[in-house]
Number of protein chains: 2
Amino acid sequence: MSEGVEWGLHCVTLLALVPPDMAMPAAKLAEFHELPPAYLAKHLQALSRHGIVEAVPGPKGGYRLAKPATEITMLDVVHAIDGDDNAFQCSEIRRCGPAKVAKKEYVKTCGIARAMWAAEATWRAELRSRTVAELVLGLPEDVSPRAAEKALAWFPTAIR
Amino acid sequence: MSEGVEWGLHCVTLLALVPPDMAMPAAKLAEFHELPPAYLAKHLQALSRHGIVEAVPGPKGGYRLAKPATEITMLDVVHAIDGDDNAFQCSEIRRCGPAKVAKKEYVKTCGIARAMWAAEATWRAELRSRTVAELVLGLPEDVSPRAAEKALAWFPTAIR
DNA sequence: GTCCCTATACTCGGATAGCAAGTGTCCGAGTATAGGCGG
DNA sequence: CCGCCTATACTCGGACACTTGCTATCCGAGTATAGGGAC
């Protein structure tokens with residue numbers, strides 16, 4: 001899985017703390033995680049194209065969430081950055097070789113592909129059930145008070 | 001996900017039909033699916049290293065299952081070929097930037113990584129619950145009688 | 001003092017190089033076989 | 001006729017090029033702002 005997924009999830013979580021009438025530039029998002037700004041921008045563009053974040057141009061511009069954090073699932077972010085294709089790709093090799101028959105004979109999909117896709121379906125269901133809002137609510141439990149203090153001190157200098 | 005996973009699953013399913021005292025060469029496995037023989041061999045080596053299939057050298061040699069098909073899960077095959085690393089890799093970017101604190105302060109794992117890994121756990125559980133034996137039992141339901149006939153006619157020419 | 005205009009600086013967006021992992025291929029090491037030879 | 005030996009041919013196993021997609025970067029298009037000037 002692409003590394004950008006991790007970046008995207010962290011950035012979306014951080015953007016969820018930005019007031020709806022403000023925005024945070026990509027450079028600040030990169031600074032907060034010490035990420036290469038130009039490359040992170042590429043992933044933020046993907047999130048923007050898929051309607052997850054909203055881009056505000058010009059000075060006092062930046063990114064903000066395009067919809068409430070309760071309506072953005074982790075699956076949305078993963079799909080926006082890594083694409084929504086199945087991880088398992090069935091190339092129908094069963095239709096090749098000495099046992100191949102007419103195309104019309106293959107009515108059901110390959111059993112192997114069905115099983116793999118069923119497993120991916122549970123994975124997607126799990127990620128679809130987790131919203132960005134839940135990630136934010138879980139933050140106080142994971143970050144130490146000292147780190148939270150530093151983050152809160154930095155935050156006002158980043159939003160515009 | 002690597003294309004070799006698909007090849008490996010199909011080959012293991014085919015090998016499940018080989019009598020325990022016989023073997024099928026990699027070249028025949030490749031022929032049955034019209035796959036590049038040399039490259040398929042690479043994946044079969046991986047299956048052999050992980051104790052899924054057993055390699056028999058010399059003439060009348062080839063591959064056979066190293067244990068009963070009921071004890072080989074789809075997850076075993078996927079892990080052997082694609083590796084058992086988590087698809088989501090947490091690089092701990094939360095420990096960087098202006099809000100970073102001492103290493104000892106990060107006691108719990110990142111909430112984002114926990115959620116991603118939980119989703120992967122359901123994916124693995126699903127694949128672990130499916131054995132190669134079940135794939136074989138599902139074959140008659142998916143392949144047309146005509147294809148089964150051709151496969152059965154080819155099969156004796158491939159095992160040694 | 002207030003309104004309008006213009007130059008500015010900051011933002012995002014897409015087009016452009018570099019690199020690593022997966023893809024594809026090859027040749028060498030090892031072994032059970034099959035045939036020939038000797039007893 | 002039977003047993004042993006040797007040459008053979010077939011197998012797997014690891015080491016070597018190539019290509020696609022992810023990684024990383026830059027510069028151009030667009031816009032709200034801030035300052036200056038006119039009224």
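Numbers restart at 1 for each chain; the letters A, B, ... are given by sequence-line order, proteins then strands. All values derive from a computational prediction rather than experimental measurement.
- Counting to the nearest Å, the C1' atom of D/dC12 and the NZ atom of B/Lys28 are 17 Å from each other.
- The phosphate of C/dT33 has neither OP1 nor OP2 within less than 4.0 Å of any side-chain N or O from B/Arg160.
- Distances shown here put a side-chain N or O of B/Ser2 below 4.0 Å from the OP1 or OP2 atom of C/dT23.
- The aromatic rings of B/Trp7 and B/Tyr39 sit perpendicular, their planes meeting at an angle over 60°, well past the 30° parallel limit.
- For B/Pro57 and A/His43, each mapped to the nucleotide of DNA chain D holding its nearest heavy atom, the one lying further toward the 5' end belongs to B/Pro57.
- The CZ-C1' distance, from B/Arg49 to D/dC12, rounds to 12 Å in whole Å.
- Remark: P of D/dA32 and CZ of A/Arg64 are 12 Å apart, rounded to the nearest angstrom.
- Looking at heavy-atom distances under 4.0 Å, A/Ala27 makes no contact with the nucleic acid at all.
- In this structure the side chain of A/Ile93 reaches within 4.5 angstrom of the side chain of B/Glu6, judged on heavy atoms.
- Here the side chains of B/Val101 and B/Tyr106 are in contact, with some heavy-atom distance below 4.5 Å.
- Between A/Phe88 and A/Trp117, the ring planes lie perpendicular to each other; the angle is over 60°, past the 30° to 60° tilted range.
- Look at CE on B/Met22: it is 17 Å from P on C/dA32, rounded to the nearest Å.
- When rounded to the nearest whole Å, the span between CG of A/Leu15 and P of C/dC12 equals 11 Å.
- Using a 4.0 Å heavy-atom criterion, one finds that B/Ala38 contacts the bases of the nucleic acid, with or without backbone contacts as well.
- A/Tyr39 has a side-chain polar atom (N or O) that falls below the 4.0 Å cut-off from OP1 or OP2 of D/dT23.
- Not a single donor-acceptor contact under 3.5 angstrom links the side-chain atoms of B/Glu3 to the base of C/dG22.
- Between B/Tyr63 and the phosphate of D/dG13, there is a side-chain N or O to OP1/OP2 separation shorter than 4.0 Å.
- Residue A/Ala23 is out of contact with every strand shown, counting any heavy-atom pair closer than 4.0 Å.
- Between B/Leu44 atom CG and C/dT23 atom P there is a gap of 15 Å when expressed in whole angstrom units.
- There is no path of hydrophobic side-chain contacts, each under 4.5 Å, that joins B/Leu139 to B/Leu152.
- At C/dC12, none of the side-chain N or O atoms of A/Gln45 fall inside 4.0 Å of OP1 or OP2 (strictly under the cut-off).
- The separation between A/Ile81 atom CD1 and D/dG21 atom P is 19 Å, rounded to whole Å.
- For B/Asp82 and C/dA21, the CG to C1' distance is 11 Å, given to the nearest whole Å.
- The side chain of B/Lys42 lies closest to C/dT23, out of D/dT25, C/dT23, C/dA34.
- Residue order along DNA chain C, read from the 5' end via each residue's closest nucleotide, puts A/Pro59 first among A/Pro59 and A/Ser48.
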